[in-house]
Structures are given as C-alpha cells and as structure tokens.
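One structure is given here, and the rest of the page talks about it.
Computation of the quantities below employed the complete heavy-atom set of this structure, encompassing side-chain atoms and omitting hydrogens, waters and symmetry-equivalent molecules.
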Amino acid sequence: MNAHIKLSARAALAGSQLKIAALVTAAMVLIFVFSLCNAAINTFWQTDERLVLIAFSAVTLLLFVAAVSPLRLLLEIKHLLLAKRIKPMRRINMGASGALKACALCVYNFFLKLFWFAAFEFVPFCCAFVLAFYAQNKAVSLKAAYAVFAGLAVLAVAGLFFWLVFIQRYSKSMFYLACYKDLTASEAIGESIRKTRGRLVEIFLFKFSFVPWLLLCAAVVPALFVIPYYKQSITCYFLNSR
C-alpha cells in the first residue's frame with residue numbers, strides 16, 4: 001500500500017514540481033532569514049537587559065509564525081488539489097481568516113508537542129538533575145556515573161521515540177484545515193486526534209520510510225525536490241486513510 005501511495009504522489013506532482021518547489025523555497029528562505037536575524041541580534045546586540053532580548057525574540061517568533069504558517073496551509077491546499085487530480089491549480093485565496101487559523105494551529109501544535117515532550121522526558125531529566133545534585137555533595141565513582149548516565153541516555157532515547165510516535169495524533173490537523181475551511185484550529189486538532197486513534201505507529205513508520213530521502217536535504221538543493229515529494233506522499237496517505 002505504501003509503495004502505491006508514493007507512486008500516486010509522484011504521479012500527482014508530475015508537471016507541478018516547480019510550482020511546489022517555489023513555495024518550498026519561499027518557506028526555506030523565510031526560515032533562514034528569521035534564524036539569521038535572531039542569531040545576529042543575540043550575538044552582536046550587547047545589552048544587560050535580558051528582558052529586551054527575550055521580548056525581541058518573542059516578537060521575531062511571532063513574525064516567523066505569521067509569515068510561515070499561512071504558507072504551510074497554502075502548500076497543504078495545493079498538495080490536496082494535486083492529490084485529487086485537480087489541474088491546472090487555480091489561484092487560491094485563503095483570506096485573513098484562513099491565515100489566522102493557520103497561525104493559531106501552528107501555535108497550538110507547538111505548545112502541545114512541547115508539553116508532551118516535557119512529559120515523556122520528565123523522568124530522565126529529573127533523574128539526571130538528582131544525580132548532578134548528589135554528585136556535587138558526595139563523591140560518586142566513575143563507573144557508577146557512567147552506568148547511570150548510560151541508563152538515563154537509553155531512557156531519554158526511548159522517551160524521544162515514544163514522543164515522536166505520540167505526536168502523530170496532531171499530524172493530520174493541517175490536512176483537515178486544508179480540507180474543511182469552516183473548521184477552527186482547535187476543531188482541526190480534535191479531528192486529527194480522533195482520526196489517528198490506533199494508527200500512530202502506522203503513520204510514524206510511513207514517515208520514517210522517508211528518512212533516507214530527508215537526509216539528502218542536508219545538501220539544501222535536494223530539499224526543493226525531496227520536501228514536495230514527502231509532503232505530497234503524506235497528503236496522499238491521509239486522503240487514503242481519512
């Protein structure tokens with residue numbers, strides 16, 4: 001089934017690769033510019049007022065979300081149209097409402113994923129903190145320290161794996177926002193949670209199958225072809241499983 005979905009994704013992209021690549025390029029440029037600006041300010045802006053830097057970082061983050069989130073929704077809509085074989089793609093007008101919903105969805109998803117990351121990594125973090133506190137007051141043998149840290153590393157990696165699987169419950173939220181323009185951000189998340197119940201591992205494994213392709217994105221240029229293929233495949237997968 002997965003091979004059939006990937007084949008259908010390649011067929012859907014045929015002739016439209018450059019249009020999708022243009023939007024992917026825009027998103028990559030925005031990410032690069034905001035990252036560069038934030039790094040430059042934190043490096044070269046000498047000030048003792050930490051609150052000023054925090055406020056600037058918060059404003060930069062809000063601008064980043066406001067710029068990238070509507071672009072993500074637009075990409076999802078275009079992938080959806082391609083998956084449904086609606087060609088040529090008409091001009092898409094999301095409107096201010098759609099842009100705001102996309103921003104709200106990205107913010108909700110960020111904090112939900114952050115919360116669950118903290119929950120899944122809570123035990124190894126607390127154990128590491130206790131061990132570090134204990135080591136400051138009493139001597140700890142090197143072998144014991146290595147053994148404990150190795151155990152904590154395994155626990156942290158296991159927590160990361162289960163977190164990556166668990167957050168797939170939010171993976172269809174942007175898809176549903178693209179499918180149904182009347183949905184709110186919270187309703188799209190609720191629908192995603194409902195429709196992914198019992199299928200989290202399946203979704204994770206499907207995405208994991210693209211890791212060799214995604215590693216090519218380290219060379220930047222292949223990302224213009226890999227990311228559209230990956231996103232189109234995910235959209236086709238969701239269409240076949242909704």
Side-chain angles (χ1 to χ4, degrees), residues 1-40 60-61 63-83 89 102-103 105-107 109-110 112-114 116-117 156-157 160-175 177-178 192 196 200-241:
M1 178 183 174
N2 288 352
H4 173 72
I5 289 172
K6 292 176 182 179
L7 186 63
S8 66
R10 288 195 290 271
L13 275 176
S16 302
Q17 187 85 24
L18 291 178
K19 293 179 181 179
I20 299 297
L23 287 173
V24 172
T25 302
M28 290 171 61
V29 168
L30 284 172
I31 291 170
F32 176 76
V33 168
F34 278 106
S35 299
L36 189 63
C37 290
N38 202 41
T60 303
L61 181 61
L63 289 174
F64 172 77
V65 170
V68 175
S69 300
L71 198 56
R72 285 188 60 195
L73 179 57
L74 180 61
L75 268 169
E76 187 60 54
I77 293 172
K78 290 201 170 189
H79 282 302
L80 186 62
L81 292 175
L82 286 173
M89 290 187 294
C103 292
L105 182 64
C106 288
V107 171
N109 276 337
F110 173 78
L112 283 169
K113 291 175 182 179
L114 185 64
W116 287 113
F117 180 80
V157 170
L160 179 63
F161 170 77
F162 286 112
W163 174 73
L164 288 171
V165 172
F166 186 80
I167 61 173
Q168 299 309 316
R169 69 205 305 250
Y170 310 119
S171 60
K172 297 181 77 170
S173 53
M174 189 65 78
F175 170 79
L177 200 63
S192 177
T196 56
L200 300 182
V201 175
E202 179 187 328
I203 296 171
F204 172 77
L205 291 177
F206 180 76
K207 290 184 175 181
F208 189 77
S209 68
F210 287 90
V211 167
W213 285 98
L214 295 174
L215 290 175
L216 295 174
C217 295
V220 181
V221 174
L224 301 179
F225 304 94
V226 172
I227 293 177
Y229 170 52
Y230 170 72
K231 296 296 292 181
Q232 188 65 56
S233 298
I234 296 298
T235 301
C236 290
Y237 176 84
F238 286 160
L239 261 181
N240 279 273
S241 62

- Task: Evaluate the side-chain contact (heavy atoms from CB on, under 4.5 Å) criterion for residues Leu239 and Leu80: first the C-alpha distance (whole Å), next the side-chain angles of each, then the deciding distance (0.1 Å), finally the verdict.
- Result: CA-CA 8 Å; Leu239 261 181; Leu80 186 62; 4.0 Å; yes
- Task: Under the side-chain contact (heavy atoms from CB on, under 4.5 Å) rule, what do Glu76 and Leu177 come out as? Steps first, then yes or no, please.
- Result: CA-CA 9 Å; Glu76 187 60 54; Leu177 200 63; over 6 Å; no
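When all heavy atoms of Val24 and Ala223 are compared, the closest pair comes out as CG1-O, 4.2 Å. In plain terms, the two heavy atoms of Ile77 and Ala178 that are nearest each other are CG1-CB, 3.7 Å. Nearest heavy atoms, Cys103 versus Ala66: SG-CA, 3.7 Å.
Here the CD1 atom belonging to Ile31 is positioned 9.0 Å from the CG atom belonging to Leu71, to the nearest 0.5 angstrom. One finds the CE atom of Met174 at 4.5 Å from the CG atom of Leu105 (value rounded to the nearest 0.5 Å). Taken to the nearest 0.5 Å, the OG atom of Ser233 stands 10.0 Å off from the CG atom of Leu7. For the atom pair Ile20 CD1 and His79 NE2, the distance stands at 4.5 Å (nearest 0.5 Å). Here NZ of Lys172 is found 11.0 Å from CD1 of Ile234. Values are rounded to the nearest 0.5 Å. Rounding to the nearest 0.5 Å gives a distance of 11.0 Å between CG of Leu30 and CG of Leu63.
Put simply, the side chain of Lys207 reaches to within 4.5 Å of the side chain of Gln168, judged on heavy atoms. Side-chain contact check for Thr196 versus Tyr170: every heavy-atom pair is 4.5 Å or farther apart. Residues Ile167 and Leu112 fail the side-chain proximity criterion, which asks for heavy atoms closer than 4.5 Å. Residues Leu200 and Arg169 form a side-chain contact, since some pair of their non-hydrogen atoms from C-beta on lies under 4.5 Å apart. With a 4.5 Å cut-off on side-chain heavy atoms, Ser171 and Phe238 count as touching.
Residues meeting the side-chain hydrogen bond (donor to acceptor under 3.5 Å, both in side chains) test with Ser209, sequence neighbours left out: Lys6. In this structure, Tyr230 has no side-chain hydrogen bond (donor to acceptor under 3.5 Å, both in side chains) partners at least two apart in sequence or on a different chain. Not a single ring pair (Phe, Tyr, Trp, His ring centres under 6.0 Å) links Phe162 to another residue, sequence neighbours left out. Ser173 pairs by the side-chain hydrogen bond (donor to acceptor under 3.5 Å, both in side chains) definition with Asn109, not counting sequence neighbours. Partners of Trp213 under the side-chain hydrogen bond (donor to acceptor under 3.5 Å, both in side chains) rule, at least two apart in sequence or in another chain, do not exist in this structure. For Phe206, the ring pair (Phe, Tyr, Trp, His ring centres under 6.0 Å) test picks out Phe210, Tyr237, with sequence neighbours left out.
Trp163 contributes a side-chain N or O that, together with a main-chain N or O of Lys113, makes up a donor-acceptor pair within less than 3.5 Å.
Aromatic rings from Phe161 and Phe166 are positioned such that their centres are separated by 6.0 Å or more.
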